[in-house]
Every structure is written in C-alpha cells, then in structure tokens.
Amino acid sequence: MAQIKIKLIKSVIDRPERQKRTVQALGLGKIGSTSEKENTPQIAGMVAAVQHLIEVTEL
C-alpha cells in the first residue's frame, strides 16, 4: 500500500469530541504536526472524517 503524509493545519478547538479523537488517533497533536501512515481503508475513512482540518500528501 502507498504511504501518505498527514499534516494538521487547523485547530481542533470547538470541534466535536469525535473529531478530536480521530485527529489524535491519526497521531497528530499541535497545528503543524505531521504523521506518516499506510493508506489503508481504515486510515482513509479517518482522513475523510476530518479532511477539513488536515492536509494529505502521497509519498
């Protein structure tokens, strides 16, 4: 599977708890933090759920 790089570009303040936990599960903390993950269907679903908060690039 392909690797993707995920970067948090917006704050999770004033977001639903579910979105906060999804961002945390993706390995992101503060704005500007990045994480590299394998592009599995599970990760793709998590990315889709918080796509308005993150930036995704394929490696």
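Ser33 OG to Leu28 CG: the interatomic distance, rounded to the nearest 0.5 Å, is 4.5 Å. Taken to the nearest 0.5 Å, the CD atom of Glu36 stands 9.5 Å off from the CD1 atom of Ile6. Separation of atoms CG (Asp14) and CD (Gln19) is listed at 11.5 Å; rounding is to 0.5 Å. The CG atom of Asn39 lies 15.5 Å from the NZ atom of Lys5; values are rounded to the nearest 0.5 Å. To the nearest 0.5 Å, atom CG of residue Leu26 and atom CD1 of residue Ile54 are 6.0 Å apart. Distance OG1/Thr40 to CD1/Ile4: 8.0 Å, rounded to 0.5 Å.
The heavy-atom pair separating Lys10 from His52 by the smallest distance is CD-O, 3.4 Å. Nearest heavy-atom pair across Leu8 and Lys30 is CD2-O, 3.6 Å. A pairwise comparison of heavy atoms in Gly27 and Ser35 identifies O-CB, 4.1 Å as the closest pair.
Counting heavy-atom neighbours within 6.0 Å of Gln3 CD, excluding the residue itself, gives a total above 12.
With sequence neighbours excluded, no residue forms a side chain to side chain donor-acceptor pair (under 3.5 Å) with Glu58.
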